[in-house]
Structures are given as structure tokens and as C-alpha cells.
Amino acid sequence: MPERPEPPEPPERALSFGTVAQAYERYRPGYPTALFDLVAEYAGRPPRTALEIGAGTGKATRMFAGQGVAVTATEPDGAMLAELRLHTPAGVRAVRAAFEELPADGPYDLVYAAASLHWTSPRGRWPRIAELLAPGGVFASFGGPVELADPAVAEAVRTARAPFLASDDVPSPDGTPPERAMRWPGTELLRSALFTDVRQAVIARRSTIGAAEYVGHLSTVSAYLMLSAETREEVFRRILAVLPARVELDADITAHLARRR
């Protein structure tokens, strides 16, 4: 029986998505305009300019750009950025760079991270974000796991996966337990002297998809990308075998908002 691999360091997982950039674009869900409305209401007006951290293939980029925001989308992986350029409006400025390498070329009305902030280095994270924001500007981080709604189906998948992978989650960067009311990064923002008015909100997102499509989504999850190709194929074969033809998903978006002092 294969041994369970030790969990890799976040930077390795953070740069694993480029090998599946097209699958990421196909299988990862987009973001609803309700998220833009949430940010605009919090800010008191729609943002005019925004910097996106770790834009991936542009799922959130196109949503904000579609609402008239001038977005600078940054992404360290060339394959992901190439996919982004195929799917975003011409007005989006795409920059290949890691968050830690970004020049302070703002200030921006909004700096946001869509399911990507946990891949950034904690060292100097909040001073750097504050430096990119205009005074009173808004920071937003949002995302959340795509989970099977049926507990019995979720347990069957965990059992099928267990010989190869104990968990496919990304643990909270600051160790905040999942049952805590305020989640990361809200926990860190509350402790930062650079930000105020920290809020957490949840946008419900539900869907029903085919079993093969769900496995396609799993093929874009970093924990599986860290496995060998042969092991991944075996894990996905076992998972597909225990799934019903269609599965219900809970994919709520948890958003954290804060204002630069």
C-alpha cells in the first residue's frame, strides 16, 4: 500500500497549478456579481481601480472587470497567466509576478485575493498590502472549499482517498480552527494596526454536477497535484467508483473585508 506523503510547504503547492491551467479554467467555479456588490457596499462606492493577488486563470478578474473596475491582475505562473489572457477583457492589465515581488505602483482603491492569499508569504504581508492601497482603500480576501453536500458521499470519498492522501484541505495559515467564528485572514487583520473595520461575510453557492466533472475539479486541487501522476490516476479512479452519477456541492464563499487606516 502506498505511503501517505508528508504535506509539502505552501510555496511548492502554490506553483503547482500551471500544469493543469486549462483544467483549472474549465472546472473551477467563477464568482457571482453578489461579491462585487458586497465589496462596493462595504467601500461606500464601486472601486475604480484594483490589484489582484494570485489571479490564476482570471475567475475573479473577469467578474470585477465586467463591473467596470480597472484591474491589474498579477500571477506568478506563466501558464496560468496565459490562460487568464485568453478569457479576460482587453482592458485588464496582466502582470507575471509573485505578490512578494510587486512594485508599489498604486495606490489602488481595492486590493483583493481570490482563493490565493494563503499562498503568499506571511512576512511583511500586511504592510505590503497597505502600501498598495490608497488611504481608506479596501482589502478583500475571499474563497472557500468546494465540498460534497451529502455526508455519506463525502465519507465514501474520504475512505477511497485515505490510502494515498489523509486530507485535501489547506490548513488555516495561522492555526485558527474551522469552528471559530472569525476565520483567517480576518483573525490576522483584527490584530493588524494597519487596518480597521474588519468584517466577515458568507455568500451561499450551491450546485449539482456530474461525477466526472467533480473529479475534474479535484484534478485542480493542489493536494492531488503533489502526488505522482500514477498515484493521482489511481486515487481518481477509486473516488469516481464511489460517486453517484451526480453530486451536490456546497461551495460557499467566505469573504473578509478591511479598510486601510
Side-chain angles (χ1 to χ4, degrees), residues 28-75 84 88 92-95 98-100 102 104-122 124-145 170 172-174 176 181-205 251-261:
R28 289 288 183 114
Y31 291 94
T33 55
L35 183 59
F36 173 83
D37 296 338
L38 177 70
V39 172
E41 181 180 2
Y42 173 85
R45 64 176 185 179
R48 295 166 298 176
T49 61
L51 175 77
E52 181 174 5
I53 299 168
T57 64
K59 294 287 186 175
T61 316
R62 70 197 71 161
M63 186 276 291
F64 279 101
Q67 298 299 312
V69 182
V71 180
T72 296
T74 69
E75 166 60 44
L84 177 147
T88 51
V92 170
R93 179 183 171 220
V95 178
F99 166 67
E100 294 78 14
L102 293 177
D105 64 349
Y108 295 90
D109 296 337
L110 170 68
V111 173
Y112 69 91
S116 62
L117 190 69
H118 52 285
W119 300 129
T120 64
S121 171
R125 177 189 287 135
W126 302 117
R128 189 164 190 76
I129 290 174
E131 185 181 26
L132 291 162
L133 280 167
V138 171
F139 170 71
S141 176
F142 46 87
V170 176
S172 173
D174 69 349
T176 300
M182 177 60 77
R183 301 179 185 177
W184 186 90
T187 47
E188 287 189 13
L189 285 163
L190 285 170
R191 296 193 294 267
S192 173
L194 299 170
F195 293 89
T196 187
D197 194 17
V198 178
R199 301 185 196 177
Q200 178 176 284
V202 176
I203 298 173
R205 187 169 58 174
D252 290 354
I253 301 166
T254 300
H256 291 94
L257 303 164
R259 200 180 312 276
R260 182 193 160 186
R261 291 185 184 274

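When reading the values below, keep in mind they use all heavy atoms of this one structure, side chains included, and skip hydrogens, waters and symmetry mates.
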Quick one, Leu117 and Ile129 - any side-chain contact, counting heavy atoms below 4.5 Å? yes
Would you indicate whether the side-chain heavy atoms of Phe99 and Val111 approach each other to under 4.5 Å? no
Output the distance between atom CG (Leu132) and atom CG (Leu51), rounded to the nearest 0.5 Å. 5.5 Å
Using modelled atom types only, decide if a donor and an acceptor are shared between the side chain of Arg260 and the backbone of Gly137 within a distance under 3.5 Å. no
Just by modelled atom types, is the Thr196 backbone N or O under 3.5 Å from a matching donor or acceptor in the Arg261 side chain? no
Within-4.5 Å side-chain heavy-atom neighbours: Leu190 and Met182: yes
What are the two closest non-hydrogen atoms of Pro127 and Gly124, and how far apart are they? CD-O, 3.4 Å
Show every side-chain hydrogen bond (donor to acceptor under 3.5 Å, both in side chains) that has at least one partner inside residues 48-60, sequence neighbours left out. Glu25-Thr57, Arg48-Asp109, Glu52-Thr61, Glu52-Tyr112
For Pro173, side chain to side chain contact (heavy atoms under 4.5 Å, CB included) partners two or more places apart: His118, Trp184
Review item, side-chain donor-acceptor pairs of residues 29-44, under 3.5 Å, at least two apart:
residue, atom, partner, partner atom, Å
Tyr42, OH, Asp197, O, 2.8
Tyr42, OH, Arg259, N, 3.1

Apply side chain to side chain contact (heavy atoms under 4.5 Å, CB included) to Ala98 and list each qualifying residue two or more places apart in sequence or on a separate chain. Pro76, Glu100, Glu101
To the nearest 0.5 Å, what is the distance between CZ on Arg125 and CG on Leu194? 13.0 Å
Val69 versus Pro47, closest heavy-atom pair with distance: CG2-O, 3.4 Å
Quick check: closest heavy atoms across Trp126 and Ser192, and the distance to 0.1 Å? CB-OG, 4.2 Å
Atom pair CD1/CZ of Ile203 and Phe142 - distance to nearest 0.5 Å: 9.0 Å
Arg183: side chain to side chain contact (heavy atoms under 4.5 Å, CB included) partners, not counting sequence neighbours: Gln200, Thr254, His256
Ala204: which residues meet the side chain to side chain contact (heavy atoms under 4.5 Å, CB included) condition with it, sequence neighbours left out? Arg206, Asp252
